[in-house]
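One structure is given below, encoded as structure tokens.
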Amino acid sequence: MFYFVRMKNRLKWVVLSLGLMATGLVAAKQPNIIFIVTDDHGFNDLEATDMRDEVDMPNIHKLTSGGALMTQAYCTAPQCVPSRAGIVTGRYQQKFAMEANGEGPLPKSETSIASRLKKLGYKTGHVGKWHLEPNRQTKKWFEQVGCTSMADAPVEAVNAHRPQGFGYDEYAQGTGNKYWSNFDVSGKEVEPQEINYKIYEKKSHADKFRLQLQTELAQRFVERHAKGAEPFFLYLAYYGPHSPLDAPASLTDQVLSVEELVAKGYDNTKKPYKNRINYARPYTEAEVRQQGLALLKGIDNGVGELIQTLEKTGELDNTIIFFMGDNGAPLGTKSWDGSVNDPWHGSKGIIFEGGARVPYFVYWKDVIKPQVFDKPVNTLDAGATAVALAGSDPAKDSMLDGVNLMPFLTGKKKGEPSRYIYQRYMNTAAVISGKYKFMMHENGEELLFDVSLEQPGAHNTDKEFHETHNLISEMPEKAAELRKALLDWKNELPVPEYDGGFHSSLIEFAEKRWGFRER
């Protein structure tokens with residue numbers, strides 16, 4: 001099938017090999033593509049999946065209601081650096097030995113989705129958290145480069161691993177008030193530099209909270225490229241609801257009060273949340289939950305403002321939006337960000353569903369019809385779908401591990417993509433096929449679970465046992481199939497195993513935290 005594609009100031013023929021029975025001539029544009037990635041965002045915390053009636057995100061709810069809500073979506077690792085390495089490249093990061101925080105930076109041998117789209121005629125931009133550059137944890141990289149810390153790291157070597165080194169034309173990389181940028185919050189081009197918005201432009205932006213800054217930077221990128229000759233790709237990585245929990249009153253006033261959260265069962269008498277890095281002061285359970293809801297509200301406000309910008313510039317109809325979390329929420333007293341993973345067990349740092357299943361939806365006005373897509377997908381599929389929409393064939397790219405979701409989301413194909421979804425983090429690995437998840441620990445322990453969900457925002461405890469009932473002995477054939485698939489995949493990876501990890505036994509961990517049940 002042939003498509004007209006907007007590219008480099010002229011209409012250009014692009015031939016797409018789609019394997020269709022019929023061919024024809026169709027006038028179409030490459031769509032704008034936006035990835036919105038949230039940070040440590042629990043599965044429960046979209047209105048569409050909220051089991052506690054606590055989440056108020058009306059702007060995002062319009063998109064989940066008007067697009068495809070993916071209720072069985074997985075990250076590739078339950079921690080920020082490896083998960084984002086997968087999203088940025090569209091490839092299992094285990095294949096290039098980037099499996100945990102501290103194993104960066106992103107290798108220059110890898111090709112980003114942005115680089116692929118740039119070659120296909122896109123203007124590319126990054127805003128917000130990157131987390132794939134050298135940092136104080138990347139000690140192996142220091143040795144390779146010949147320095148001892150970030151203080152004496154060569155500037156050129158560091159910049160090579162920032163967004164500018166991976167195909168992003170424009171960037172505002174940062175998490176708080178400081179952003180490594182070549183454009184500013186007013187939309188002006190600048191020489192690459194660190195902009196501190198606490199003091200920039202005579203402190204005119206000093207009172208803007210980090211989520212507001214990230215939203216405004218994203219809006220400026222869209223405005224700069226709306227109605228341009230080339231389509232645009234924006235990777236917007238919000239730094240929230242990840243700590244620090246420092247949401248301003250302007251956001252906490254928009255969500256449930258502490259008193260209302262106490263009425264829902266949250267404790268407000270003890271203040272066990274005291275980690276000075278994550279918490280502005282000692283917090284109670286109710287206060288942490290309120291902070292998490294406020295940060296999510298800030299993201300929702302931002303998404304609403306971005307949608308308004310797309311509408312005003314006339315770009316909304318030709319823009320597809322992928323929204324995904326990088327991993328589940330942490331739940332420890334030193335790290336909880338106020339987000340929750342209901343109904344799943346586990347948290348950030350382990351590949352039980354609480355750490356591995358993430359909020360995810362895809363929205364494209366009038367192209368993707370409202371639906372709940374309950375088949376397994378992962379964050380790598382966003383990259384493959386983007387490449388397909390841009391005019392290339394991800395199935396022919398051996399460096400891409402995701403699949404093009406568009407035929408499934410538009411109804412051209414029924415069911416789900418025919419593939420396994422893999423995970424490995426530290427000393428634990430998993431494979432997902434349909435509603436079944438097989439987990440394997442390096443000590444030889446094996447678990448098989450049915451992780452189906454009858455409907456979003458609900459949990460039928462009489463039917464859905466999830467990770468409390470091990471099916472290994474009841475379904476030996478399914479276990480054998482998934483065991484082989486997982487071992488075949490693991491045997492292709494360059495790093496075979498880790499010593500230690502976050503837990504020494506899957507079974508002991510699960511029994512201690514939530515126990516096992518009989519059906």
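Since the model is a prediction, treat every value here as computed from it, not as a measurement. This chain uses plain numbering: 1 for the first residue, then up along the sequence.
In terms of the side-chain hydrogen bond (donor to acceptor under 3.5 Å, both in side chains) criterion, residue partners of S115 (sequence neighbours excluded) are, by chain and number, S112. Every side-chain contact (heavy atoms from CB on, under 4.5 Å) that R220 has, sequence neighbours left out, goes to F183, E216, E223. A search for ring-ring contact (aromatic ring centres under 6.0 Å, His included) contacts involving F209 returns nothing, not counting sequence neighbours. Taking the side-chain hydrogen bond (donor to acceptor under 3.5 Å, both in side chains) definition, one finds that S347 meets it with nothing, sequence neighbours left out. For A100, the side-chain contact (heavy atoms from CB on, under 4.5 Å) partners two or more places apart in sequence, or in a different chain, are Q79, E103, Y425, M426. Residues meeting the side-chain hydrogen bond (donor to acceptor under 3.5 Å, both in side chains) test with T124, sequence neighbours left out: D169. Partners of S181 according to the side-chain contact (heavy atoms from CB on, under 4.5 Å) rule, which considers only residues two or more places apart in sequence or in another chain, are A172, Y179, I195. Not counting sequence neighbours, D366 has no partner by the side-chain hydrogen bond (donor to acceptor under 3.5 Å, both in side chains) test. Shown here are the side-chain contact (heavy atoms from CB on, under 4.5 Å) partners of D39, two or more places apart in sequence or in another chain: C80, R84, K129, Y239, H242, D326.
Remark: side-chain polar atoms of N159 are not paired, donor with acceptor, to backbone N or O of E156 under 3.5 angstrom. A donor-acceptor pair under 3.5 Å is absent between the side-chain atoms of N32 and the main chain of I320, judged by distance alone.
A salt bridge (charged side-chain N to carboxylate O under 4.0 Å, His left out) check over residues 240-249, counting only residues at least two apart or in different chains, returns the pairs R210-D246. Sorted by first and then second residue, the ring pair (Phe, Tyr, Trp, His ring centres under 6.0 Å) pairs involving residues 82-122 (not counting sequence neighbours) are Y92-W489. Applying the ring pair (Phe, Tyr, Trp, His ring centres under 6.0 Å) test to pairs two or more places apart or on separate chains, those with a residue in residues 284-327 are F35-F322, F323-F361.
Aromatic pair Y200/Y197: ring centres closer than 6.0 Å.
For N177 and N196, the side-chain atoms include no donor-acceptor pair closer than 3.5 Å.
A tilted orientation is assigned to the rings of H225 and F221, their planes being inclined by 30° to 60°. Between Y235 and Y168, the angle of the ring planes lies from 30° to 60°, which puts this pair in the tilted group.
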